[in-house]
Amino acid sequence: MIVLSLPGARHFRLARRLQAMPGLVGVHRFPDGEVRVSLPTAATGRDVVLVAALTPPDDCILPVLFAASAARDLAVTSVGLIAPYLPYMRQDRAFEPGQGVSARYFAAILSDAVDWLITVDPHLHRIRSLSDAFGVPATAVHAAPLLAGWIREHVAEPLILGPDSESRQWVASVAELAGAPCAVFSKRRRGDRTVALTLPDLKAHRHRQPVLVDDIISSGATMTAAVRALWRAEYRAPICVAVHGLFAGEAFEMLQDAGAAAIVTTNTVRHPSNAIDVTPLLAEAVLARLRSRTTPGRQREEVAGEHR
């Protein structure tokens, strides 16, 4: 096996954990914006694992697709993709006539390019499992145990809070693993960057440290509204913990200004808030994927990628 990291994904150091040959995908951008990729010829005849940071997605996806095709030109045994953050999953149906379904299109593009896919906690809503969208084996590994471990180690008497009803199952899992109570806000979305939250009854847990947990911080609107709601109710300054820290625009600064005591994310998207390493989860998933190919009678394996 050879593990080839694209720019933006070289901090995972997966080759070391997998005891595989490491390598880099060279990406050259021409003055007109076009890209050219270069792969080490040592990939020939090997299982190739591409590791890619797909943020921002439109800038990153073409180098991945070109790298997969270049690997095929080298007569590799297989091409797998590790995309710790998987974009384009939220638009999973047409809400108005004529709207495209980005999740389905994106899954089809990747399914044509690679033999298998591994990601971390994809942001799914109406798609119940990655296998419902992808035409190749697609595995979603879950960061809840890592988030709970960080909370257990760094927060005394935590109270785990979710931003909306959709987060209840996911937040409950983190809370159970952290040995803490949990609750969720009621949310009404008024736009891409505006939400209204209603605080649940937390009187029995007023002495605890609020920890806001979500799978993704994008615009930061939901998490910021939750922080402000806790401040207005005179609770302790909350700690914000998320799997994917996208922090579009000034979302990170907005959260800080709202009064978050700390902001912690995993390293699925590289950011100064990264404090939780998902590399061990990814390595285990790669080994399980490669083992499944050698199991007689097993042609396909998926791990359900349910949201939360």
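This one's a predicted model, so the numbers in the text were calculated from it and none came from an experiment.
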Validation: residues 37-46 side-chain donor-acceptor distances under 3.5 Å, sequence neighbours left out:
residue: Thr44; atom: OG1; partner: Thr41; partner atom: O; Å: 2.9
residue: Thr44; atom: OG1; partner: Leu74; partner atom: O; Å: 3.4
residue: Arg46; atom: NE; partner: Ala42; partner atom: O; Å: 2.9

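The aromatic rings of Phe252 and His271 stand perpendicular to each other, their planes meeting at an angle above 60°, with 30° marking the opposite boundary. Ring geometry for Phe30 versus His28: interplanar angle over 60°, hence perpendicular rather than tilted (30 to 60°).
Pairs of residues two or more places apart, or lying in two chains, that qualify as salt bridge (Lys or Arg N to Asp or Glu O under 4.0 Å) and include a residue from residues 55-83 are Arg72-Asp115. Within the structure, the salt bridge (Lys or Arg N to Asp or Glu O under 4.0 Å) test picks out no pair touching residues 9-23 (sequence neighbours left out). Identified under the salt bridge (Lys or Arg N to Asp or Glu O under 4.0 Å) test for residues 262-276, with sequence neighbours left out: none.
Atom CD of Glu157 is surrounded by more than 12 heavy atoms from other residues, nucleotides or ligands within 6.0 Å. Within 6.0 Å of CD on Glu253 lie more than 12 heavy atoms contributed by other residues, nucleotides or ligands.
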Can Thr266 and Leu147 be said to form a side-chain contact (heavy atoms from CB on, under 4.5 Å), step by step? CA-CA 8 Å; Thr266 77; Leu147 269 60; 3.8 Å; yes

Going through the checks in order, is the side-chain contact (heavy atoms from CB on, under 4.5 Å) test met by Ile276 and Asn267? CA-CA 6 Å; Ile276 302 169; Asn267 60 346; over 6 Å; no

Evaluate the side-chain contact (heavy atoms from CB on, under 4.5 Å) criterion for residues Val243 and Val120: first the C-alpha distance (whole Å), next the side-chain angles of each, then the deciding distance (0.1 Å), finally the verdict. CA-CA 8 Å; Val243 180; Val120 180; 4.0 Å; yes

The test is side-chain contact (heavy atoms from CB on, under 4.5 Å); show your working for Val64 and Leu6 and say whether it passes. CA-CA 8 Å; Val64 171; Leu6 282 92; 4.0 Å; yes

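Residue Ile263 is grouped with residue Trp231 when hydrophobic side chains (ILVMFWY) are merged at heavy-atom distances under 4.5 angstrom, including chains of intermediate members.
Between Leu212 and Cys240 the shortest side-chain heavy-atom distance falls below 4.5 Å. Side-chain atoms of Val101 and Phe106, non-hydrogen and from C-beta on, never get closer than 4.5 Å to each other. Counting only heavy atoms from C-beta outward, the side chains of Gln209 and Ile239 approach each other to under 4.5 Å. Inter-residue side-chain proximity for Leu282 and Val51 is flagged as unmet; no heavy-atom pair is nearer than 4.5 Å. For the pair Leu4/Val48, a side-chain contact is recorded, criterion being any heavy-atom separation below 4.5 Å from C-beta on. Inter-residue side-chain proximity for Arg29 and Pro63 is flagged as met; some heavy-atom pair is nearer than 4.5 Å. Looking at Phe134 and Leu117, their side chains come closer than 4.5 Å, going by heavy atoms from C-beta outward.
Judged as a side chain to side chain donor-acceptor pair (under 3.5 Å), and not counting sequence neighbours, the contacts of Asp47 are Ser78, Arg293. Residues passing the side chain to side chain donor-acceptor pair (under 3.5 Å) test with Gln99, sequence neighbours excluded: Gln91.
Remark: side-chain polar atoms of Asp121 are not paired, donor with acceptor, to backbone N or O of Ala140 under 3.5 angstrom.
A cation-pi arrangement, defined by a distance under 6.0 Å to the six-membered ring centre and an angle within 45 degrees of its axis, is absent between Arg36 and Phe66.
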